[in-house]
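So that the names make sense, note that chain A is the first sequence line, chain B the second, and so on, each numbered from 1.
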2 protein chains.
Amino acid sequence: MKHFSLSFKNSKLTIIDQTKLPLKVSYLEIKTIKDAFTAIKRLKVRGAPLIGVFAGYSVYVSIKNIKTKSKKAFLKTVFNNIQHLKISRPTAVNLFWALDRIQNKIIANKNRSIKTIKTVIKNESRAIHNEDIKLCQGIAAFGAKLIKPKDAILTHCNAGFLATSGQGTALAIIYRAHKRYPGIKVFADETRPLLQGARLTAWELTSRKIDTTLICDNAAAALIKAGQIDKTIVGADRITKDGAAANKIGTYSLAVLCKYHKIPFYVAAPSSTFDLNLRSWRSIPIEERSPQEIKSVFGKAIAPKKVKAYNPAFDITPPQLITAIITEKGIIRPPYGKNIKKVIG
Amino acid sequence: MKHFSLSFKNSKLTIIDQTKLPLKVSYLEIKTIKDAFTAIKRLKVRGAPLIGVFAGYSVYVSIKNIKTKSKKAFLKTVFNNIQHLKISRPTAVNLFWALDRIQNKIIANKNRSIKTIKTVIKNESRAIHNEDIKLCQGIAAFGAKLIKPKDAILTHCNAGFLATSGQGTALAIIYRAHKRYPGIKVFADETRPLLQGARLTAWELTSRKIDTTLICDNAAAALIKAGQIDKTIVGADRITKDGAAANKIGTYSLAVLCKYHKIPFYVAAPSSTFDLNLRSWRSIPIEERSPQEIKSVFGKAIAPKKVKAYNPAFDITPPQLITAIITEKGIIRPPYGKNIKKVIG
């Protein structure tokens with residue numbers, strides 16, 4: 001069986017449970033808004049673009065069986081469900097973007113029948129899904145042009161088919177480039193505390209037969225210094241109109257290290273990741289997760305009970321550290337203030 | 001009971017088993033050279049200065065009960081044991097330094113009785129031990145002068161009482177400064193893959209009631225950028241005459257980050273950590289440890305079986321990234337080529 005991050009067939013929403021990987025490949029059906037909220041919150045489903053697609057379908061499956069004849073009661077439930085999902089995670093903009101799209105479609109069709117509104121939600125979710133697959137293809141096509149035959153590429157966290165409903169963002173570029181240049185190599189940061197690099201990226205890349213080496217996050221600097229890395233490509237959870245990128249904690253660290261050692265640092269993300277309304281990167285809320293995620297690994301304590309731990313899930317990389325942003329609409333280079341407007345709109 | 005890293009009493013050598021911390025405090029008696037070798041190799045005992053002290057006593061306990069009357073046979077065993085310990089770990093110079101001291105003492109006394117030579121080994125080991133305790137005190141006294149009342153100090157790996165037979169190197173400074181300035185705070189990098197920061201440093205610091213926050217290695221950059229770190233202090237396993245420092249993997253990363261953000265980066269180490277014979281940092285052997293240390297945590301797999309992992313135990317920080325080296329003989333500042341010679345000899 002070919003693995004997938006998310007499937008929507010016969011109105012059934014199924015996801016791979018990412019918290020179980022790589023030890024166990026198990027799929028999970030989402031039936032209620034509570035299922036969906038928990039799946040996002042506990043990172044059973046993750047990756048900024050995938051969360052967007054997932055959120056749309058989640059709203060649909062959560063209301064598809066509502067039997068009421070009262071439009072008011074129906075819409076109240078739908079909007080409540082949308083609002084509830086919005087508070088599941090704060091940083092990735094794709095979640096809000098997708099839910100707003102669904103909400104706007106509902107509002108535009110609010111005078112139509114409950115049955116029709118249900119179909120509108122389903123169709124809009126499917127549209128977001130299909131677009132996401134195409135966005136990944138676009139990013140892959142533009143990004144692959146930046147890859148050379150023997151490149152050693154560093155990546156952080158997971159920006160692959162597990163993070164999208166298509167082939168990924170950063171990893172889609174690698175998959176595309178690998179077809180042309182089978183000699184490329186990838187170094188994957190393990191990405192503490194939740195080890196998305198070790199658990200997800202290493203699993204994806206080895207399942208695609210790509211030469212992959214796992215490293216601890218703190219070893220990247222020494223590898224870069226030794227000339228063993230040609231470029232870094234990461235995904236993003238939110239990008240401002242000035243080109244600052246929020247992404248998994250540790251991304252900023254890599255960006256500084258690449259700048260210091262003069263190697264390219266690329267961010268790959270679809271246009272839905274841009275938040276052009278944001279006044280400044282300072283307005284991006286950074287999710288702070290439980291200290292327990294640091295203090296234990298798979299339930300096993302690795303630190304004294306009484307020590308404090310600080311666990312921000314994301315950091316912000318300023319535009320001056322980003323060599324280029326790879327989108328489905330093209331490769332955006334500095335000055336970002338001007339060029340993001342030109343390419344993204 | 002007050003915890004200790006190593007004790008030598010009534011000719012019995014006992015160490016705390018550092019692989020069991022922080023979940024279990026258990027002590028281990030070392031009786032044979034095989035015990036000693038395994039303890040070093042498996043990091044039951046670790047920390048450059050502590051390994052030096054431990055190696056001396058290990059040679060003694062491994063030969064104290066030899067009954068032979070043949071001087072030749074006795075010396076052969078002693079020298080074999082010394083040689084064997086030398087291949088336990090390659091990077092920290094203190095191991096070789098201590099074993100060479102013992103060996104030179106034996107050679108200088110080789111015409112004396114077996115009983116006397118045994119006493120010579122014991123006394124030299126005790127001398128190394130007593131010196132180590134004083135070296136820590138010296139480093140603490142000089143280093144504490146660099147600390148301000150409200151400092152937030154970042155440290156990596158473990159350079160405390162578990163890494164020496166005294167109060168430590170980097171952490172000894174913090175212990176000393178804390179007596180004067182109880183408002184200081186410490187951020188401890190967890191230090192993957194073996195988590196010496198989470199398991200050992202967090203345990204040490206909280207047991208001494210110091211305000212400690214554990215972070216993932218990849219979060220240091222964002223904290224530094226946010227102005228939450230005033231300075232970084234780490235230990236070292238070997239320092240060249242030009243001031244390049246080998247230390248736990250991830251140290252170089254921090255040094256670059258401190259340089260980029262213009263905060264001080266200090267290395268604390270006794271004079272026994274300097275290897276003045278080395279022509280260049282390129283001659284420092286970097287221990288590469290098993291990929292399994294990355295791919296599993298406490299025996300639990302966290303990565304796919306078939307993925308490769310690269311696990312260097314150390315990296316090298318070049319002199320231009322080090323603000324000062326804190327030794328028991330004083331604080332050494334650049335230019336290191338000149339000033340190390342002046343202070344260390």
Side-chain angles (χ1 to χ4, degrees), chain A residues 21-23 156 187-193 195 197-199 202-203 205-207 211-223 225 248-257 259-261 286 291 294-295 297-312 314-316, chain B residues 21-23 156 187-193 195 197-199 202-203 205-207 211-223 225 248-257 259-261 286 291 294-295 297-312 314-316:
Chain A
L21 288 171
L23 303 185
H156 189 68
F187 287 89
D189 269 358
E190 63 173 5
T191 317
R192 283 281 292 151
L195 299 161
R199 295 189 304 103
W203 179 77
L205 292 171
T206 53
S207 78
D211 183 343
T212 307
T213 305
L214 182 64
I215 60 169
C216 291
D217 301 318
N218 64 25
L223 272 170
K225 183 187 175 209
K248 181 57 53 201
I249 187 74
T251 301
Y252 171 65
S253 188
L254 288 184
V256 171
L257 294 169
K259 184 65 144 189
Y260 185 81
H261 295 92
I286 297 294
I294 295 180
K295 293 174 68 178
V297 174
F298 286 134
K300 178 109 187 175
I302 58 165
K305 234 181 198 165
K306 59 183 167 182
V307 75
K308 290 182 286 186
Y310 174 58
N311 185 18
F314 301 93
D315 59 26
I316 313 275
Chain B
L21 287 170
L23 303 185
H156 189 67
F187 287 89
D189 268 357
E190 63 173 4
T191 317
R192 281 280 292 152
L195 299 161
R199 296 190 303 104
W203 179 77
L205 292 172
T206 52
S207 78
D211 183 343
T212 306
T213 305
L214 182 63
I215 59 168
C216 291
D217 301 319
N218 64 24
L223 273 169
K225 183 186 176 211
K248 181 56 56 203
I249 187 73
T251 302
Y252 171 65
S253 189
L254 288 184
V256 171
L257 294 169
K259 184 64 143 190
Y260 185 82
H261 295 92
I286 297 293
I294 294 180
K295 293 174 66 178
V297 174
F298 286 133
K300 178 110 188 175
I302 58 165
K305 235 182 197 162
K306 59 183 168 182
V307 74
K308 290 182 287 185
Y310 173 58
N311 185 18
F314 300 94
D315 59 25
I316 312 276

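Most heavy-atom pairs under 4.5 Å with chain B: of the set A:Leu23, A:Leu205, A:Leu21, this distinction falls to A:Leu23. Per-residue heavy-atom pair counts under 4.5 Å with chain A were compared for B:His156, B:Arg199, B:Lys259, B:Lys295, and the maximum is reached by B:Arg199. Each of A:Leu195, A:Val256, A:Thr251 has some count of heavy-atom pairs under 4.5 Å with chain B, and the biggest count is that of A:Val256. Between chain A and the residues B:Asp189, B:Asp217, B:Ile316, B:Ile286, the most heavy-atom pairs under 4.5 angstrom are made by B:Asp217. Residue with the most contacts toward chain B among A:Ala255, A:Ala221, A:Pro312, A:Ala219: A:Ala221 (heavy-atom pairs, distance under 4.5 Å).
Heavy-atom distances place both the backbone and the side chain of B:Val307 under 4.5 Å from chain A. In this structure, the portions of B:Ile302 lying under 4.5 Å from any heavy atom of chain A include both its backbone and its side chain. At a 4.5 Å heavy-atom cutoff, the contact between B:Tyr260 and chain A is made by side-chain atoms alone. Both the backbone and the side chain of B:Asn218 come within contact range of chain A, each with at least one heavy atom under 4.5 Å from a heavy atom of that chain. Within the 4.5 angstrom heavy-atom criterion, atoms from both the backbone and the side chain of B:Pro304 approach chain A. Contact of B:Leu223 with chain A is made through the side chain alone, with heavy-atom distances under 4.5 Å.
Interatomic distance, A:Ile249 CD1 to B:Ile215 CD1, rounded to the nearest 0.5 Å: 8.5 Å. From A:Thr191, atom OG1 reaches atom CZ of B:Arg192 across 11.0 Å, with rounding to the nearest 0.5 Å. A distance of 14.5 Å separates CZ in B:Phe298 from CZ in A:Phe298, rounded to the nearest 0.5 Å. From B:Thr212, atom OG1 reaches atom NZ of A:Lys306 across 10.0 Å, with rounding to the nearest 0.5 Å.
In this structure, B:Asp315 does not pair ionically with A:Lys225, as no charged nitrogen and carboxylate oxygen lie closer than 4.0 Å.
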